[in-house]
Amino acid sequence: MTDPLTARLAATVHAARTSRGLSAAVLAEQSGVSRAMIGKIERGDVQPTAALLAKLSAALGMTLSELIARAEGDERRLVRAAEQPVWVDPETGYRRRAVSPAGGRPLELVEVELPAGAEVALAAGTYAFLHQQIWVLAGHLRFHEGAEVHELDAGDCLQLGSPVDCVFANPGSRACRYLVALVKRAP
């Protein structure tokens, strides 16, 4: 049985793909996600991971927050804390809360809670069109930006450089919370 958010994500990915005139094969080629997996996601057969959704959203010219906000169907200017959409990666437990109202483009604020010992890897292409800063709110974040490793503690803020493959890692024994501020770059 598919949960409601997975079903809405399925419909949103399908609608975004078809509105751009993309076949599943072309989206697979552009995103690096297999055609079979795209089919499973669009049918709601699987709950996609953060890495998969990031690849798909980037190939569709959207941020992950936009994709989730569209799935939520929310265009309000004010979103109370209790109403902010939360998505949890089924593989890592990575918890992502869209703080910004969906209509607040071009700036997006996203709060992430990364469980102790968890890692989330994202390919450079998943955020090639974004300017991002990471502000650690609690705990410790080890951020691999290509070959460079940044050790970030509460209060530290990192502006990301040119897009490279990256890994968000929590080597600590408690959850790490951080805020990602992102703005779409002009094409």
Side-chain angles (χ1 to χ4, degrees), residues 5 9 12 31 48-72 74 76-146 148-172 174-187:
L5 181 56
L9 279 169
T12 301
S31 68
T49 65
L52 283 176
L53 283 179
K55 288 178 181 180
L56 290 173
S57 63
L60 292 167
M62 304 164 67
T63 66
L64 184 53
S65 295
E66 284 177 296
L67 184 66
I68 292 172
R70 284 189 187 182
E72 290 289 330
D74 193 351
R76 295 174 291 167
R77 291 185 320 127
L78 171 64
V79 182
R80 304 283 181 196
E83 300 168 333
Q84 293 167 352
V86 174
W87 179 78
V88 179
D89 183 342
E91 187 174 289
T92 63
Y94 159 101
R95 185 178 170 276
R96 185 179 199 288
R97 181 168 63 102
V99 177
S100 297
R105 308 295 176 258
L107 171 67
E108 289 184 34
L109 301 175
V110 178
E111 181 188 28
V112 176
E113 184 172 302
L114 191 59
E119 288 189 3
V120 174
L122 297 176
T126 63
Y127 62 96
F129 60 96
L130 301 173
H131 169 80
Q132 297 185 75
Q133 294 186 19
I134 302 168
W135 180 34
V136 177
L137 303 171
H140 180 81
L141 177 67
R142 180 173 293 148
F143 182 71
H144 300 260
E145 187 177 22
E148 191 170 358
V149 178
H150 305 279
E151 300 288 347
L152 306 170
D153 291 309
D156 293 346
C157 185
L158 173 67
Q159 178 175 298
L160 274 60
S162 297
V164 293
D165 292 347
C166 63
V167 177
F168 294 82
N170 180 357
R174 62 184 178 112
C176 174
R177 282 183 43 246
Y178 56 93
L179 184 78
V180 179
L182 52 100
V183 176
K184 273 188 172 180
R185 293 181 191 185

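Separation of atoms CD (E145) and SG (C166) is listed at 7.5 Å; rounding is to 0.5 Å. Once rounded to the nearest 0.5 Å, the distance linking CG of L60 with OG of S31 reads 8.0 Å. The line from CG of L52 to CG of L9 is 12.0 Å long, rounded to the nearest 0.5 Å. Taking NE2 of H140 as the reference point, atom CG of L152 lies at 7.0 Å (rounded to 0.5 Å). One distance of note links CZ of R174 with CD of E113; it measures 11.0 Å at 0.5 Å rounding. Remark: L141 CG to E151 CD distance equals 8.5 Å, nearest 0.5 Å.
Taking each heavy atom of W87 and A50 in turn, the nearest pair found is CH2-N, 3.0 Å. Taking all atoms of both residues into account, the shortest heavy-atom contact from G172 to A116 is O-CB, 3.3 Å. Among all heavy-atom pairs drawn from V136 and C176, the shortest one is CG1-SG, 4.3 Å. Closest of all the heavy-atom pairs between A54 and S57 is O-OG, 3.1 Å. When all heavy atoms of E111 and L137 are compared, the pair lying nearest together is OE2-CD1, 4.2 Å. Nearest approach of P163 to A124, heavy atoms of both residues: C-CB, 3.7 Å.
Every pair passing side-chain hydrogen bond (donor to acceptor under 3.5 Å, both in side chains) that includes a residue from residues 155-168 is listed here, sequence neighbours excluded: Q133-Q159.
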| said: Evaluate F168 against Y94 for ring-ring contact (aromatic ring centres under 6.0 Å, His included), listing each step before the verdict. | reply: CA-CA 10 Å; F168 294 82; Y94 159 101; 7.4 Å; no
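Taking R96 as the reference, nothing meets the salt bridge (charged side-chain N to carboxylate O under 4.0 Å, His left out) condition, with sequence neighbours excluded.
Between H150 and I134, the closest side-chain pair of non-hydrogen atoms is not below 4.5 Å. Side-chain contact check for R142 versus V149: some heavy-atom pair is nearer than 4.5 Å.
Side-chain N or O atoms of T12 include none that pairs as donor or acceptor with a backbone N or O of L67 at under 3.5 Å.
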